[in-house]
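Structure first, commentary second.
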Amino acid sequence: MCGRYASTKNPALLAAEFDAVDGTGGEAPGPDYNVAPTKRVLAVVERHPRDEEGNADPGTVERSVRVMRWGLVPHWAKDTSGAAKMINARSESVLAKPAYRDSAAKRRCLVPADGWYEWQPGEGRKQPYFINPGDGSSLAMAGIWSVWWQQEGDERRPVITCAVLTTDAIGEMTAVHHRMPLVLPRDRWSAWLDPDRPDPTDLLAPDPAVVAALELRPVSMRVNSIRNNDPSLVDAVALGESEKPEPTLFELS
DNA sequence: CCAGACGTTGTT
DNA sequence: GTCTGG
DNA sequence: CCAGACGTTGTT
DNA sequence: GTCTGG
């Protein structure tokens with residue numbers, strides 16, 4: 001699954017990597033080695049540009065990097081208090097769940113990450129791992145987003161929120177956990193972001209090639225506390241024999 | 001009809 | 001907003 | 001995801 | 001044990 005990740009690239013770098021424009025307006029959060037639920041994050045969306053009256057132009061699309069808050073708040077929510085419970089959406093059910101289906105059909109995004117953290121349950125304390133692409137590229141987690149209107153006196157301010165899709169862990173990832181974020185290979189980015197494709201069913205399966213290209217390493221327990229936030233959080237640490245990943249631990253029988 | 005939910009993970 | 005449960 | 005709080009009265 | 005906050 002995905003409840004914590006690292007995102008340290010600035011919007012300009014991400015815009016280049018995702019063939020998008022920087023739509024953050026200088027409001028982007030800085031480098032973050034310990035992104036946690038409800039924090040501000042960067043995401044990539046593709047939308048039909050709107051004119052001054054708010055009408056979308058169906059003939060063109062623009063891909064941009066945006067600032068969102070992690071934890072989806074549906075437009076009908078009374079307040080934002082449920083956001084922390086909605087940081088993930090199961091890919092198996094996202095199209096059917098009332099809280100997610102509109103977003104899954106019409107408002108998909110990519111959530112770029114340097115890598116994500118996973119806590120391996122076991123004897124004693126859980127061991128955190130960092131999982132990232134071996135080549136330094138960003139991974140693109142499949143996401144959905146929503147707009148919630150915050151009333152401030154007479155003003156209504158949009159709050160953009162998002163959730164990351166999860167799927168069954170496959171390959172090497174099963175050694176650490178039985179769920180993982182849905183990471184999309186580059187050749188599925190456009191289809192995932194396509195605002196005119198209401199049914200993304202074909203894109204919801206985990207991709208073995210993407211997973212095979214991931215690196216996985218145990219990291220310091222310091223990542224547990226979000227007060228810690230520095231580059232060393234993603235550094236490998238040595239493990240005792242008894243704490244090594246157990247490949248069969250989560251194999252389904 | 002109205003009221004209440006609307007989510008995921010992990011653990012037992 | 002929309003569906004489910006009573 | 002993990003960490004940290006979890007409470008009231010009265011007095012300053 | 002369970003909820004909230006980040």
Side-chain angles (χ1 to χ4, degrees), chain A residues 1-7 29-42 67-107 111 113-132 139 141-149 151 156 158-159 161-169 173-183 198 204 206 216 218-230 233-234 246 249-250 252:
Chain A
M1 68 152 304
C2 182
R4 212 75 79 79
Y5 68 97
S7 173
D32 196 339
Y33 290 90
N34 209 342
V35 178
T38 71
K39 275 180 152 184
R40 298 192 321 133
V41 298
L42 295 174
V67 179
M68 301 187 181
R69 261 184 29 161
W70 188 19
L72 192 123
V73 180
H75 68 95
W76 41 257
K78 292 179 189 69
D79 53 56
T80 61
S81 62
K85 294 176 202 160
M86 299 174 67
I87 61 171
N88 292 137
R90 292 175 60 86
S91 56
E92 298 90 337
S93 57
V94 67
L95 295 169
K97 294 286 184 184
Y100 292 147
R101 62 184 169 200
D102 284 0
S103 291
K106 291 183 250 169
R107 290 179 298 277
V111 181
D114 299 8
W116 81 93
Y117 297 100
E118 203 78 83
W119 279 260
Q120 180 186 42
E123 313 280 317
R125 240 184 294 300
K126 288 184 195 170
Q127 174 61 48
Y129 287 78
F130 185 66
I131 297 121
N132 66 308
L139 42 87
M141 300 190 290
I144 54 176
W145 60 280
S146 181
V147 185
W148 185 81
W149 290 92
Q151 196 70 45
R156 266 157 54 92
V159 178
T161 62
C162 64
V164 171
L165 272 69
T166 61
T167 186
D168 275 330
M173 293 306 123
T174 60
V176 175
H177 209 72
H178 69 115
R179 300 288 290 172
M180 64 179 190
L182 178 62
V183 180
L204 293 174
L216 185 160
V219 295
S220 166
M221 301 258 191
R222 291 197 311 113
V223 73
N224 291 11
S225 173
I226 59 168
R227 288 180 301 191
N228 297 319
N229 198 328
D230 63 80
L233 293 185
V234 302
E246 191 54 68
L249 196 54
F250 291 106
L252 298 177

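Chain letters run A, B, ... following the sequence lines, proteins first and then strands; every chain starts at 1.
Across the P atoms, dA3(D) and dT11(B) are found 14 Å apart, a figure rounded to whole Å. Across dT8(B) and dC1(D), the matching P atoms stand 12 Å from one another, rounded to whole Å. Separating the C1' atom of dA5(B) from that of dG6(E) is a span of 26 Å, rounded to the nearest Å. If you take atom P in dC3(E) and the same atom in dT9(D), they sit 24 Å apart, rounded to whole Å. Using P as the reference atom, dG7(D) and dC2(B) are 36 Å apart when rounded to the nearest Å.
Here Tyr100(A) lies in heavy-atom contact (under 4.0 Å) with sugar-phosphate atoms only. Among the heavy atoms of the strands lying under 4.0 Å from Ala84(A) is at least one base atom, whether or not backbone atoms are also near. Arg101(A) comes within 4.0 angstrom of sugar-phosphate atoms only, judged by non-hydrogen atoms across all strands, and of no base. When heavy atoms are screened at a 4.0 angstrom cut-off, Ser91(A) is found touching no nucleic acid atom at all.
Contacts of Asp114(A) classified as salt bridge (charged side-chain N to carboxylate O under 4.0 Å, His left out), with partners at least two apart in sequence or in another chain: none.
Applying the 4.0 Å criterion to OP1 and OP2 of dT9(B), one finds that Arg90(A) has a side-chain N or O inside that range. Distances shorter than 4.0 Å separate some side-chain N or O of Ser93(A) from OP1 or OP2 on dT8(B). Phosphate contact (OP1/OP2 of dG6(E), side-chain N/O of Arg69(A), threshold under 4.0 Å): absent. OP1 or OP2 of dT9(B) has at least one side-chain nitrogen or oxygen of Thr166(A) nearer than 4.0 Å.
Taking atom CD1 of residue Ile87(A) and atom P of nucleotide dC6(B), one finds them 17 Å apart after rounding to whole Å. The CH2-P distance, from Trp70(A) to dC2(D), rounds to 12 Å in whole Å. Trp76(A) places its CH2 atom 14 Å from the P atom of dT4(C), with the value rounded to the nearest Å. The CZ-C1' distance, from Arg179(A) to dC1(D), rounds to 15 Å in whole Å. Per the geometry, CE belonging to Met86(A) stands 16 Å off P belonging to dC1(D), to the nearest Å. The separation between Glu118(A) atom CD and dC1(D) atom P is 8 Å, rounded to whole Å. The CG-P distance, from Asn34(A) to dC1(D), rounds to 14 Å in whole Å. The interatomic distance linking Trp116(A) (CH2) with dC1(D) (C1') rounds to 14 Å, in whole Å.
For Asp32(A) (side chain) and Ser7(A) (main-chain N/O), no donor-acceptor pair under 3.5 Å exists by modelled atom type.
Look at dA3(D): its Watson-Crick or wobble partner, with both distances under 3.5 angstrom, is dT4(E).
Proximity note for Lys97(A) (side chain, C-beta onward) versus dT8(B), dA3(D), dG6(E): the nearest is dT8(B). In this structure, the nucleotide among dC2(D), dG6(E), dG1(C) sitting nearest to the side chain of Pro37(A) is dG6(E).
Only one option out of Thr38(A), Thr161(A), Ile87(A) pairs with Trp70(A) in a side-chain contact (heavy atoms from CB on, under 4.5 Å); it is Ile87(A).
Ring geometry for Tyr117(A) versus Phe130(A): interplanar angle of 30 to 60°, hence tilted.
Between Trp119(A) and dC1(D), no base-stacking contact is recorded for ring centres under 5.5 Å apart and planes less than 30° from parallel.
Annotation: the span from Cys2(A) atom SG to Glu118(A) atom CD amounts to 7.5 Å, rounded to 0.5 Å.
Classification of Arg222(A) and Asp230(A) as a salt-bridged pair holds, one side-chain N sitting under 4.0 Å from a carboxylate O.
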